[in-house]
Amino acid sequence: MNVSSHAGTDQGNPLLQGLNPEQRAAVTFTGGNTLILAGAGSGKTRVLTTRIAWLLQTGQASPGGILAVTFTNKAAKEMVTRLTAMVPVSVRGMWIGTFHGLCNRMLRAHAQTVGLPKQFQILDMQDQLSAVKRVLKAHNVDSEMLPPKKLQSFINSCKEEGMRPGDVPVRDADSRQRVELYQVYEQQCQKEGVVDFGELMLRSFELLRDNAAVREHYQTRFRHVLVDEFQDTNRLQYQWLKLIAGAGYARDEQRGLACVVAVGDDDQSIYAFRGARVGNMADFVREFGVQQPIKLEQNYRSYSHILDSANALIAHNSQRLGKTLHTDQGAGEALRIHESVNDLAEAQWIVDEVRQLMQVDGFARQEIAVLYRSNAQSRSLESALITAKVPYRIYGGLRFFERAEIKHALAYLRLLENANDDTSFLRVVNFPARGIGARSIEGLQDQAKVKGSSLYAASATMDGRAGDKLRSFVQLIEQLRQASMGQTLRDVIGLMLEHSGLLAHYRAEKDGVDRVENLEELVNAAESFVVQEGYAVDVTSLPMDEHGTPVGQGLASQGVDLNAPWEEQAIVPVAQRTLAVQPAALDPNQSLFVDVDTGETLTPLAAFLTHAALEAGDNQAQAGQEAIQLMTVHASKGLEFDAVFIAGLEEGLFPHYNSMSDQDGLEEERRLMYVAITRARKRLYLSLAQERMLNGQTQYNVASRFLDELPEESVRWLTPKRNPASRNAGESFGGFSSTGGWNSGGRQSSTYERSSYSARQAEDVPYREGGRYGASKQVAYGSGPVPPQASDGIETHGIRAGQKVFHAKFGEGDVLAIEGKGADAKAKVNFGRHGTKLLLLAVAKLTVVA
DNA sequence: TATCCGGGATTTTTT
DNA sequence: ATCCCGGATA
């Protein structure tokens, strides 16, 4: 390692080879804090990892002084992988991980200080929801009045804003109730020794805020803080960063507050709906004293028609830091826009085109992606692909650790670790069925409430047959715990699967083969985790003392005689645990699972449970399979493909109705479109349909405004661009009208022109006759649904999407879409402050506003 | 305790 | 259209 080299002598540094000037500036920046505005495909991850490598190599930082934070485990892993390939240094000493992963790490290290049991469990969203449901039930709150999901998201957004129940402003009875329930929920979690995702973040933040010693420890330690996807940070995460970086604290040259490098792209901020605050970027510039953000605008991914389109589109957004992508790869091909009669025809066209791409143009299967705005759109695509026997893969869906059978197995394991975990208790107390019904559970819950104990503990005092059954369940767990002592994690899970009856249950189930396989896979996952984390493979997963006597929270392990009367068996709260087994490979200063205060090591089981909660696992199974990729635009962020289709480019779908009513929503949709466009390397197809089956109803939508925001010279319409003006004049394009397609019926009308994107509609768009997208093909697709009769002026009472209408009660509104046909035809109208209404056209008196 | 029916919602999603 | 959930029923 060349420790002596410094910024001035970087010229020949191999790390910096092949970087453009901006990338190099970002990598070697030393003047305090900076913001790197990294456009799509501009080599962001490379810059980030190279910077870390450079800091290490030039001796400006030691591994322990580096904190790099990302949003997804995938990104964190990617960073680690690339980094280890660059510099011969162990990444163990660095803190590289997700916000939540790092918070978890911090809380484990200071469990006592923050008032959490050492083996606290992490609730995922599912777990949290069931915990919330219990709160609501215990307080007899009508789920009609306050749906569990509502309360859950209320709690989460409070935490994201850094608010404890006491900090939430109370305005009316409703909000008072919510705050009270928030408080009850918190108490419940605390009692059970569980934390949700928001809590990891919030409690870590509070630790840093309230404990000067801890804060100074981390502020002193981390000299270099790097943040990925900064545009996705929420308010709390930003505050957390400020604390850990020492912003706002007296600058002390000796101690050297961290140098923070935030990397992000405001144009790719697409997660406002879950709390992301683009405004953090501007705040960062101001509050961290950024002189001049570094812009990475050179794109290494796409041809310029694609980039020009992206640039032109995003220029329609108002609040931007400003950035223009460019490339020297040449123009490439124009974007291809295609309109189909309906969603089925669209899917068919895409499949045909995909075939062409593979067979004629030689694109690799896995290099072709079909993107869509909403998951529901995948249906028609899938069936077309299946019919055509084109292999495909869908991103998203259930992840490994979210599968029901895995959740069940984990619940058993969690009970071994923490018997107070009522969520886990309830999940498996009667699964497989043990004759413990809802009645028994209710009784148990009452009992536990009276005693203020966990359900597990309360089981001891239950009467009658219910009590017997509950006790035998507790016995089962205790026996399992006993049997697990001194066993490896692999064996513990094996024992659990057998004795719990889970395996037997799924073996007996007729469609249980997959589930059994998954359970077996769980054992493998656990073992490879143990190895990866640096435990010795044979390390035992439940602790023993030096005499081989089990220690821990379990009743038996605490010397409780299980045969004694239950009343005499006090439940000992979270005990101090000692570990007999010394996992030699585990470096106490560097492992995730070592308590820095006590030096205590987390058991492999506890570590694995944490891992399972924090990392739900891949949902992109068999990555090796060559298949077309199907996913939502959101899921595509960060990925790239040679050829990309964006399906469903219609007003109402993309941009989506629910986002169209306000400027911010619309701009986020546009950023989403920007993300979609910039996924493509070589070829980009934009697709829309005139008629689409959605929620069981046929919708007729006009073309997405985004299509009109693309530069004309960069796009090519494969089907004639809809041109209401000329259609109005009775002109028909080629043979298209014969298909019963887009210009049948009376879609044209003077009002149509008033739609927001009529500006260029009068212009003539060249239509290529006889191409392979010609009329005959269109006819072939027309085997689907009938022409859009309902868009006929008579049946819709002259109301169309895009119009402004007047309603006696709600006032003026914008027609977002027409749904249904004939007498059932409804208009979705946005009345601004009156909200969006679905009005039956046959009934509602709507007047078109001139 | 398992299953069946009806009602309701149905943008996007990571930790 | 379809999926999920909860309540009611066999």
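Every chain is numbered from 1, with letters handed out A, B, ... down the list of sequences.
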Q: Would you indicate what A:S659 reaches in the nucleic acid, counting non-hydrogen atoms under 4.0 angstrom: base, sugar-phosphate, or nothing?
A: base
Q) 5'-most contact on DNA chain B: A:L672 or A:G198, nearest heavy atom basis? A) A:L672
**Q.** Donor-acceptor pair between A:R108 and A:N104 side chains, under 3.5 angstrom
**A.** yes
Q: Taking only the side-chain nitrogens and oxygens of A:N73, find out if one of them lies under 4.0 Å from OP1 or OP2 of B:dT14.
A: no
Q) Does A:N658 place a side-chain N or O at less than 4.0 Å from the phosphate oxygens OP1/OP2 of B:dT11? A) yes
Q. When the distance from NZ of A:K149 to C1' of B:dT10 is rounded to whole Å, what number comes out?
A. 11 Å
Q: Tell me what A:K159 touches on the nucleic acid: a base, only sugar-phosphate, or nothing, going by heavy atoms under 4.0 Å.
A: nothing
Q: Name the closest nucleotide to the A:T72 side chain, picking from B:dT15, B:dT10, B:dA2.
A: B:dT15
Q) If you check the A:N430 side chain, which of B:dT1, B:dT13, B:dT10 turns out closest? A) B:dT1
Q: Mind telling me whether A:Y182 and A:F154 have parallel, tilted or perpendicular rings, with 30° and 60° as the class edges?
A: perpendicular
Q. With a non-hydrogen cut-off below 4.0 angstrom, is A:D196 in contact with a base, only sugar-phosphate, or nothing?
A. nothing
Q: Nearest whole angstrom, please: distance from the C1' of B:dT15 to the CG of A:L200.
A: 8 Å
Q) Do we get A:R235 above A:Y238's six-membered ring, with its NZ or CZ under 6.0 Å from the centre and within 45° of the axis? A) no
Q.
Nearest heavy atom decides the nucleotide; on that basis, is A:E669 or A:G437 closer to the 5' end of DNA chain B?
A. A:G437
(Q) Need one value for A:N375: base, sugar-phosphate or nothing, where a base atom within 4.0 Å counts as base even if backbone is also close, heavy atoms only. (A) sugar-phosphate
Q: Find the distance A:I441:CD1 to B:dT1:P and express it as a whole number of Å.
A: 10 Å
**Q.** Whole angstrom value for the distance that separates P of B:dT15 from NZ of A:K637
**A.** 12 Å
Q. Are any of A:T632's side-chain N or O atoms less than 4.0 Å away from OP1 or OP2 of B:dT11?
A. no
Q. Would you say a side-chain N or O of A:R379 is under 4.0 Å from OP1 or OP2 of C:dC3?
A. yes
Q: With heavy atoms under 4.0 Å as the rule, sort A:Y271 into base, sugar-phosphate or nothing.
A: sugar-phosphate
Q. Base, sugar-phosphate, or nothing: which does A:L371 touch, judged by heavy atoms less than 4.0 Å apart?
A. nothing
Q.
Nearest whole Å is fine: how far is B:dT12 P from A:D664 CG?
A. 21 Å
(Q) Below 30° counts as parallel, above 60° as perpendicular, anything between as tilted: where do the rings of A:F529 and A:F608 land? (A) tilted
Q. If you check the A:N695 side chain, which of B:dT15, B:dT11, B:dT10 turns out closest?
A. B:dT10
Q) Whole-Å distance between C:dC3 C1' and A:M693 CE? A) 16 Å
Q. With a 4.0 Å cut-off on heavy atoms, is A:G435 in touch with a base, just the backbone sugar-phosphate, or nothing at all?
A. sugar-phosphate
(Q) If you compare every side-chain N and O of A:R399 against the phosphate oxygens of B:dT15 (OP1, OP2), does one of them come in below 4.0 Å? (A) yes
Q. Which whole-number value in Å describes the distance from A:F197 CZ to B:dT14 P?
A. 11 Å
**Q.** Closest to the A:H634 side chain, choosing from B:dT15, B:dT13, B:dT11
**A.** B:dT13
Q: Considering only atom C1', compute the distance from B:dT14 to C:dC3 and round it to an integer number of Å.
A: 23 Å
Q.
Measuring to OP1 and OP2 of C:dG6, would you say a side-chain N or O of A:K133 lies under 4.0 angstrom away?
A. yes
Q | Parallel, tilted or perpendicular, as decided by the 30° and 60° cut-offs, for the rings of A:F425 and A:F473 | A | perpendicular
Q: When you get a sec, tell me which of B:dT13, B:dT11, B:dT15 is the closest nucleotide to the side chain of A:A635?
A: B:dT13
Q: Give me the ring orientation class for A:Y506 and A:H408: parallel if the planes are under 30° apart, tilted from 30 to 60°, perpendicular past 60°.
A: tilted
Q. With ring centroids as reference points, do A:F71 and A:H100 lie under 6.0 angstrom apart?
A. no
**Q.** Sugar-phosphate only, base, or nothing, as touched by A:F71 at under 4.0 Å among non-hydrogen atoms
**A.** sugar-phosphate
Q: Output yes when at least one side-chain N/O atom of A:N156 is less than 4.0 Å from OP1 or OP2 of B:dT15, else no.
A: no
Q: Select base, sugar-phosphate, or nothing to describe what A:M125 touches, counting heavy atoms under 4.0 Å on all strands.
A: base
Q | Whole-Å gap separating P (B:dT1) and CD (A:E442) | A | 13 Å
Q: Please indicate yes or no: is the ring centre of A:H656 less than 5.5 Å from the centre of the six-membered base ring of B:dT11, with the two planes inclined by under 30 degrees?
A: yes
